[in-house]
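From a predicted model like this one, the values you see are computed outputs, not experimental measurements.
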Amino acid sequence: MPKSKIAKPVLALLLLTTLGITSAAGQRPPLTMLDQLVEGRWEIRMRGERRPVERVCLRNGLGLIQLRHPEQPCDRLVVEDKPDSVTVQYTCRGRGYGRTHIRMESNQLVQLESQGIAGGLPFDFAAEVRRLGSCDQ
């Protein structure tokens with residue numbers, strides 16, 4: 001086979017591979033907005049409910065996604081990933097599921113909405129989540 005017939009497909013493959021790497025490298029990693037949130041103790045104030053304020057210690061913003069399924073291994077699907085908001089749907093096999101939307105106002109204040117099933121019961125809440133300080137306070 002002549003060199004030109006071999007070279008064109010190889011060149012096309014190299015070009016596609018290079019473009020794929022370049023476009024992937026040009027994109028920001030998923031859920032980067034959550035990486036901007038400051039580690040520490042956070043207060044969760046539920047809207048429209050007379051429940052006590054919850055406090056959680058977070059190593060990073062990913063902990064806000066599964067507030068009703070903390071530290072459980074769950075499969076996640078990123079539905080929306082913007083610089084100031086994320087929406088993630090997750091499924092914890094045999095334990096329930098949820099969908100959480102988080103909007104960042106600052107790296108120490110977010111608005112959160114979450115709904116799903118936990119412990120066999122439905123949950124649906126909206127909350128303001130604010131950083132209080134370090135976890136050892």
With respect to Gln66, which candidate in Glu71, Arg76, Gln72 satisfies the side-chain hydrogen bond (donor to acceptor under 3.5 Å, both in side chains) definition? Arg76
Please report the C-alpha distance between Ile102 and Val129 in whole Å, then the side-chain angles of each, then the deciding distance to 0.1 Å, and finally whether the side-chain contact (heavy atoms from CB on, under 4.5 Å) criterion is met. CA-CA 10 Å; Ile102 303 169; Val129 187; over 6 Å; no
Looking at CD of Gln108 and CG of Leu132, how far apart are the two atoms once the value is rounded to the nearest 0.5 Å? 10.0 Å
OG-CG distance between Ser85 and Leu34, expressed to the nearest 0.5 angstrom: 10.0 Å
Interatomic spacing from CD in Glu39 to OG in Ser134 - rounded to 0.5 Å: 9.0 Å
Can you tell me how far apart CD (Glu80) and CG (Leu31) are? Round to the nearest 0.5 Å. 11.0 Å
Which is it for Leu58 and Leu37 under the side-chain contact (heavy atoms from CB on, under 4.5 Å) test, yes or no, and what are the steps along the way? CA-CA 9 Å; Leu58 298 174; Leu37 301 181; over 6 Å; no
According to the ring-ring contact (aromatic ring centres under 6.0 Å, His included) rule, which pairs have a member within residues 74-98, sequence neighbours left out? His69-Tyr90
So, Arg99 versus Gln115: side-chain donor-acceptor pair below 3.5 Å or not? no
What one should report as the nearest heavy-atom pair of Leu64 and Leu67 is O-CG, 3.6 Å
Run Asp75 and Arg93 through side-chain contact (heavy atoms from CB on, under 4.5 Å) and show every step you take. CA-CA 8 Å; Asp75 296 324; Arg93 292 189 181 143; 3.0 Å; yes
Are Ile44 and Leu109 co-members of a hydrophobic cluster defined by side-chain heavy atoms under 4.5 Å apart? no
Heavy-atom nearest pair, Gly40 first then Cys135, reads C-SG, 3.4 Å
Closest approach of Ser114 and Leu112, non-hydrogen atoms and distance? CB-CD2, 4.1 Å
If you round to the nearest 0.5 Å, how far is CZ of Arg45 from CZ of Arg55? 7.0 Å
If hydrophobic clusters are built by linking Ile, Leu, Val, Met, Phe, Trp and Tyr wherever their side-chain heavy atoms come under 4.5 Å apart, do Ile65 and Val79 end up in the same one? no
Same cluster (ILVMFWY, side-chain, under 4.5 Å), Leu62 and Val78: yes
Between Arg68 and Glu54, does any side-chain N to carboxylate O distance fall below 4.0 Å? yes
What distance separates Glu105 CD from Arg130 CZ, expressed to the nearest 0.5 Å? 8.0 Å
Closest heavy-atom contact between Pro122 and Ile117? CA-CD1, 3.7 Å
